[in-house]
Structure formats: C-alpha cells, structure tokens
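Computed from a prediction, not measured in an experiment: that's the story for all the values here.
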Amino acid sequence: MSDDVMTIREMCDAFEVTPRTLRFYEAKELLFPVREGQKRLFTRRDRARLKLILRGKRFGFSLEDIRQLLDLYDMGDQQKTQMAETLKLARQRLREMERQRDELGQAIDELAAQIAWGEGKLAE
C-alpha cells in the first residue's frame with residue numbers, strides 16, 4: 001500500500017489495534033476511511049486522528065471529549081482553540097489522576113499496615 005493510504009490490516013499492525021476497534025471508531029465518527037467496495041482505506045489524516053484517539057484513551061479521556069477536541073481542528077485558527085481546549089481538559093484529567101494516585105497510595109499504606117498487623121497476630 002502507498003504512504004497515502006493504509007488498509008485496515010496495515011492500520012491494525014501499525015497501531016496494535018484490532019479491526020473491531022477501527023470499525024468501532026469509524027461507527028463513532030472518529031475515523032473516516034475511504035471506501036473502495038468492501039475495502040476501507042485509511043488516510044494520513046485517519047492515522048493522525050487514531051494516534052490522538054489512542055493517546056487520549058490512554059490518558060483517560062472519554063470518546064466524546066476526544067471527538068470534540070478533534071472536531072476543533074478545522075476551526076481555521078491554526079488549532080489555537082483546539083490546543084487551548086486540549087490543555088484545559090488535560091489539566092482537569094491530570095488533577096483527577098493525581099487525586100486517584102493519592103487515594104491509591106493511602107489505600108496501599110492502609111493495606112500494608114493491616115497485613116503487618118495480621119502477620120504480627122499470627123506470630124504471637
């Protein structure tokens with residue numbers, strides 16, 4: 001396949017996703033492959049969008065958040081609005097992740113203390 005388009009198999013191999021994942025993102029109108037009969041051909045734009053979708057998912061963004069951010073690309077302001085909204089959402093997500101990390105750290109400490117207590121009781 002040329003550098004301009006990739007088949008669904010090439011996309012799966014390049015991004016380590018399943019065909020089902022690509023079809024799901026297409027159904028959610030996040031990707032827009034070109035159709036040639038039964039074949040789906042993914043453009044460079046689709047590849048860039050998929051890269052951003054996967055990154056957003058890894059950071060815990062919802063698909064709706066990702067869609068809204070991707071849709072801002074075509075605003076005509078050299079992606080300033082898209083960047084500003086992305087940073088706003090990223091800051092919110094970072095605060096949430098830090099809160100979760102702190103809660104997890106506290107739970108780990110409490111569990112370790114309970115284990116130590118239990119081991120101490122058994123050793124008596």
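Here the side chains of Leu50 and Leu22 are in contact, with some heavy-atom distance below 4.5 Å. Contact of the Asp4 side chain with the Arg44 side chain is registered, since non-hydrogen atoms from C-beta on lie closer than 4.5 Å. Inter-residue side-chain proximity for Lys121 and Glu124 is flagged as met; some heavy-atom pair is nearer than 4.5 Å. When side chains are defined from C-beta on, Arg67 counts as touching Glu29, because their heavy atoms get closer than 4.5 Å. For the pair Arg40/Glu26, a side-chain contact is recorded, criterion being any heavy-atom separation below 4.5 Å from C-beta on.
Separating the OG atom in Ser62 from the CD atom in Gln68 is a distance of 7.5 Å, to the nearest 0.5 Å. Residue Thr81 holds its OG1 atom at 13.5 Å from OH of Tyr73, rounded to the nearest 0.5 Å. Atom-to-atom distance recorded for Gln82:CD and Asp74:CG is 8.5 Å, nearest 0.5 angstrom. Atom OG1 of Thr43 is separated from atom CE of Met6 by 11.0 Å, given to the nearest 0.5 angstrom. Atoms OH and CD1, from Tyr25 and Ile66 in turn, are 6.5 Å apart once rounded to the nearest 0.5 Å. To the nearest 0.5 Å, the span separating CG on Leu89 from CZ on Phe61 amounts to 4.5 Å.
The salt bridge (charged side-chain N to carboxylate O under 4.0 Å, His left out) check on Glu36 picks up nothing, with sequence neighbours excluded. Qualifying side-chain hydrogen bond (donor to acceptor under 3.5 Å, both in side chains) partners for Thr86, counting only residues two or more places apart in sequence or in other chains: none. Residues that satisfy the side-chain hydrogen bond (donor to acceptor under 3.5 Å, both in side chains) test with Gln92, not counting sequence neighbours, are absent from this structure.
A pairwise comparison of heavy atoms in Pro19 and Arg9 identifies CG-NH2, 3.7 Å as the closest pair. The shortest non-hydrogen separation linking Val5 to Glu10 is O-OE1, 4.3 Å. Heavy-atom minimum distance, Lys57 versus Leu63: CD-CD2, 3.7 Å. Heavy-atom minimum distance, Phe15 versus Arg47: CZ-O, 3.7 Å.
Under a 4.5 Å side-chain heavy-atom cut-off, the cluster of Ile, Leu, Val, Met, Phe, Trp and Tyr residues that includes Leu94 has no other member. Here Phe32 is tied to no hydrophobic group at all, with no ILVMFWY side chain closer than 4.5 Å.
Linking Ile, Leu, Val, Met, Phe, Trp and Tyr whenever their side-chain heavy atoms come within less than 4.5 Å puts Leu52 and Phe24 in one cluster.
Counting heavy atoms of neighbouring residues, nucleotides and ligands inside a 6.0 Å radius, atom CD of Glu98 exceeds 12 of them. With a 6.0 Å radius and a threshold of 12 heavy atoms from other residues, nucleotides or ligands, Arg35 has its CZ atom above the threshold.
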From CA spacing to verdict: side-chain contact (heavy atoms from CB on, under 4.5 Å), Arg23, Ile8:
CA-CA 9 Å; Arg23 288 191 296 271; Ile8 196 165; 4.1 Å; yes
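For residues 100-116, every residue pair satisfying the side chain to side chain donor-acceptor pair (under 3.5 Å) rule, not counting sequence neighbours, is listed here: Arg99-Glu103.
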